[in-house]
Protein chains: 2
Amino acid sequence: MAVEALSSYLLKADDASFHDQVYDALAEALTEGVFAPGQSVSLRTLASGLNVSPMPVREAVRRLIAEKALELQPSNKRLRVPSLSEDRLHQLAKARSWVEPELAAIAAIKATPELVDTLKEEDDTLMVALSKGDVEGYMKANHAFHFHIYKAAHADLFYDMARTLWLQTGPFMRVVFNKLGTVQLPRDHHQELIGAFAARDADTARKAMAEDIAEGMDLMVEAVRA
Amino acid sequence: MAVEALSSYLLKADDASFHDQVYDALAEALTEGVFAPGQSVSLRTLASGLNVSPMPVREAVRRLIAEKALELQPSNKRLRVPSLSEDRLHQLAKARSWVEPELAAIAAIKATPELVDTLKEEDDTLMVALSKGDVEGYMKANHAFHFHIYKAAHADLFYDMARTLWLQTGPFMRVVFNKLGTVQLPRDHHQELIGAFAARDADTARKAMAEDIAEGMDLMVEAVRA
DNA sequence: CCAGATGATGTGTGATCACAATTGCCGGTC
DNA sequence: GACCGGCAATTGTGATCACACATCATCTGG
């Protein structure tokens, strides 16, 4: 994977420290599947790719390791992107199937018309990407759709759990979606979700989100098995 | 809190890197409530308390921040132990009430006679501590009891979620228990759990664990509210 | 006697150097 | 041509230094 392209993920925010910026950049890159599962990376390579010294990268990476978005190979002590086992995928699916519906339910209660509008927009851009076969655009829009909801729940701990879970799911999501193509991508239950938020119906939101995730993860389990 | 006493938490394991040892030491100290909520700490202080340079402490602390066991004050950018809000406590309670019963259910299916024996022993030492009014002993034994179960589930992701949640619950658990004294400490549902593991009954294990946690967390919510 | 300025101390952050271990490459041997 | 030994480059880790900023104490001026 082109490490040189990493610098484009660095957004200028002078108030934030370097390692925070580096963390954000790497987190986004991982979530969007820039890195392949099993790919090995190195502090110095990342550092030069991001035009910073290895120091802030070390701290950002340490955090990503804590979140299991990266790992140190036990033998080498060398850095790499985790390759996903079917067992771990199942655990991720289970965890996501609990956390994210929960967030959806909380958000539904607190839902505002503004949120509903935003979600409609995000869903539109998602549909456009879907029809154009744009995998990257689909992933970005889908990510945005979900996390606008989660953010609206104002439940920091759950939000962060969801963020971490996506961080771990990201690297091979890309692989799976590239293999499948957008044709087979699920239509999701986004309309159902939007309706639930408009009606502030927590139960429907929870159920719709649960099904949305279950379908998506089933797709990945199938793809990984092959 | 006496930072000098920190070195006793450092267990000699030459194969592990310094920052791992430092992390383990700080994690255990946090789980056992050595640090008070809201207490501010510093890299150099911790480093000298652990007889290492600030470098490995930085990485260990970075990881603990990622796990929300420590935090950087937004104003100062200074390090401190998070003080717990009632809202966050509720989220912790909800998360624990899902993850840990789940782990108990998985562990029950895989339970061995050895596990049951170990749990019986742990419960005995817990009862002894309880009768002696030994808060610290109670907390250690309770921790050991729960995590022997979770370990037996062999579900890394869930195990780590539980570990992180305890890390966050630790600092003020001590405060609450000190305030309450061992007299009011819940008898727990440990016997029920042991029975479920002996019978490899997942549903009973899940239910018993759920009640165990619910009661414990209710106690803390009450104490925090006061 | 007290308030506000000023210095000293402590803080997190980042860069750089040193080091042991591992990896990868290149040339030589069988 | 395949295999193996040895050297160079790369890796993560830890220590140390420099810096900007916040905090706290002290001192000065009113």
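A note on names: the letters A, B, ... follow the listed sequences, proteins ahead of strands, and every chain is numbered from 1.
By the ring-ring contact (aromatic ring centres under 6.0 Å, His included) test, B:H19 is found to be paired with no residue, residues two or more places apart in sequence or in another chain being considered. Taking B:E102 as the reference, A:K94, B:R206 meet the salt bridge (Lys or Arg N to Asp or Glu O under 4.0 Å) condition, with sequence neighbours excluded. Partners of A:E121 according to the salt bridge (Lys or Arg N to Asp or Glu O under 4.0 Å) rule, which considers only residues two or more places apart in sequence or in another chain, do not exist here. Applying the salt bridge (Lys or Arg N to Asp or Glu O under 4.0 Å) criterion to B:E71, with sequence neighbours excluded, gives B:R80. The salt bridge (Lys or Arg N to Asp or Glu O under 4.0 Å) test applied to B:R44 returns no partner, not counting sequence neighbours.
Taking atom CG of B:L46 as the reference point, atom C1' of C:dG12 lies 13 Å away to the nearest angstrom. The distance from atom CD of B:Q73 to atom P of C:dG10 is 18 Å, rounded to the nearest whole Å.
B:T169 places a side-chain N or O within 3.5 Å of a backbone atom of B:L165 that can act as its donor or acceptor partner.
Residue pairs meeting the ring-ring contact (aromatic ring centres under 6.0 Å, His included) criterion with at least one partner in residues 52-101 of chain B, sequence neighbours excluded, are A:W98-B:W98, B:W98-B:F158. Within the structure, salt bridge (charged side-chain N to carboxylate O under 4.0 Å, His left out) contacts touching residues 135-158 of chain A (residues at least two apart or in different chains) are A:E32-A:K140.
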Considering only nitrogen or oxygen atoms on both sides, find all protein atoms under 3.5 Å from nucleotides 5-7 of chain D and state each distance.
none

Review item, nucleotides 12-16 of chain D N/O atoms under 3.5 Å of protein N/O:
unit_1	atom_1	unit_2	atom_2	d
D:dG12	OP2	A:L43	N	3.0
D:dG12	N7	A:R44	NH1	2.9
D:dG12	O6	A:R44	NH2	3.2
D:dT13	OP2	A:R62	NH2	2.8
D:dG14	OP1	B:F18	N	2.3
D:dG14	OP2	B:H19	ND1	2.8
D:dG14	N7	A:R58	NH1	3.3
D:dG14	N7	A:R58	NH2	3.0
D:dG14	O6	A:R58	NH1	3.3
D:dA15	OP2	B:S53	N	3.3
D:dA15	OP2	B:S53	OG	2.0
D:dA15	O5'	B:S53	OG	3.3

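For C:dT11, one of the phosphate oxygens OP1 or OP2 lies less than 4.0 angstrom from a side-chain nitrogen or oxygen of B:T45.
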